[in-house]
Trainee: 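The following block contains the structure, expressed as structure tokens.
In listed order, ligands and their atoms are each counted from 1.
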Amino acid sequence: MLNMFVRDCWYVAAWSHEVAGDSLLARTVLGEPICLFRRADGTIAAMADRCAHRGAPLSRGRREGDAIRCLYHGMKFDADGVCIEVPGQDRIPPRACVRRYAAVERNNWIWIWMGDAATADPAAIPDTWSLGRADWPYRPGYHLFAAPHMLICDNLLDFSHIGYVHASTLGGTESIALSKPKVSREESWVRVERWLIDDVPAPFHTRVASFPGRVDRWHFYDFHVPGVLVMHSGVQATGTGAPRGVIKDALEFRSCQAVTPETGTSAHYFYAVPRNFAVDDQTITDSVFNDIVVAFEEDRAMIEAQARNLRMTPDWPMVPIAADAALAQFRRLMSERLAADNAVQTVLE
Ligand code: FES
Ligand SMILES: [Fe+2]
């Protein structure tokens with residue numbers, strides 16, 4: 001059966017704090033139930049959340065050291081998903097294994113490789129360094145969207161919506177839609193660079209700092225397969241050199257956001273907006289976080305409504321406009337990756 005998702009890539013499955021102590025976290029990724037937990041040495045294990053016996057969720061089971069005992073009929077599996085005990089019998093059926101996934105924890109995100117674990121290369125994980133640094137504080141965010149993951153990727157690849165969807169939070173000006181970003185494509189990501197020169201600060205900027213007048217704003221980001229945004233954005237008084245690389249009294253942010261399909265019609269959205277000013281001021285951390293939560297709720301309302309429409313009218317055409325440049329490039333990149341994945345699979349079948 002051909003895949004509808006790219007499998008040979010790293011997806012964000014959880015925030016580190018969600019997999020704590022002896023807990024078993026149930027999370028659906030690409031329509032597959034997965035159980036995540038932390039071994040005694042602190043590393044992350046990921047396996048199918050479906051007992052090899054009769055399919056009960058292992059996340060409803062019990063930790064016994066680094067193993068899990070299914071609490072339906074008691075079979076026990078090691079952290080690689082291999083059955084090591086069947087109550088009432090000595091022989092363990094050789095096929096009594098659950099699938100193991102490669103998982104890596106990095107900078108407070110837990111990444112999972114949905115393809116063959118033997119081919120997983122952690123070097124391919126996008127660099128989200130700002131999530132792991134005490135001098136870039138943030139509060140971790142998460143939303144579940146009732147919409148296909150690609151519609152959220154589309155949204156993140158086209159910031160022209162900021163002036164409309166987020167007028168009172170991230171936007172403040174419709175001129176974002178008038179400014180043309182520079183869009184380029186690399187092997188596994190699309191790069192978007194956008195300047196707003198001599199404009200107004202966003203409402204969320206003015207809640208955490210005051211500016212003497214107008215400002216320059218920038219959004220530079222790489223959007224990686226399969227839906228990971230790594231951004232440098234900022235705001236600085238206009239005429240003080242930001243476009244020439246002179247960063248002075250700026251507010252700088254290094255946002256990381258990841259969209260992971262839960263199913264074909266729902267998606268996990270992990271996000272954070274680390275900043276490097278007033279790093280000890282929790283009120284500012286809270287203020288930035290609260291604005292972002294409101295903004296992403298604004299996105300959610302719009303995208304879920306869009307998804308409902310598209311479900312009802314899948315054959316009605318869409319009309320492309322210039323603002324779609326980055327999302328069109330990313331969709332092409334994803335289609336190529338999906339075709340490559342499926343070609344490999346077809347050869348192996
Ligand atoms: S379903 Fe797990 S032991 Fe029976
Ligand atoms: Fe948005």
Trainee: Would Arg27 count as a cation-pi partner of Tyr11, with NZ or CZ less than 6.0 Å from the six-membered ring centre and within 45° of the ring normal?
Mentor: no

Trainee: Are the aromatic ring centres of Phe277 and Phe253 under 6.0 angstrom apart?
Mentor: yes

Trainee: Is the closest basic N to carboxylate O distance between Asp127 and Arg106 below 4.0 Å?
Mentor: no

Trainee: Is it true that Arg191 and Glu193 have a side-chain N and a carboxylate O under 4.0 angstrom from each other?
Mentor: no

Trainee: For atom 4 (Fe) of ligand 1, report each protein N, O or S atom nearer than 2.8 Å, sorted by chain and then by residue number.
Mentor: His53 ND1, His73 ND1

Trainee: When you draw lines from the Fe ion (ligand 2) to OD1 of Asp299 and to NE2 of His166, what angle lies between them, to the nearest 10°?
Mentor: 80°

Trainee: With a 4.0 Å cut-off, would you call Arg133 and Asp135 a salt bridge?
Mentor: yes

Trainee: When you check the gap from the basic side-chain N to the acidic O, do Arg214 and Asp198 get nearer than 4.0 Å?
Mentor: yes

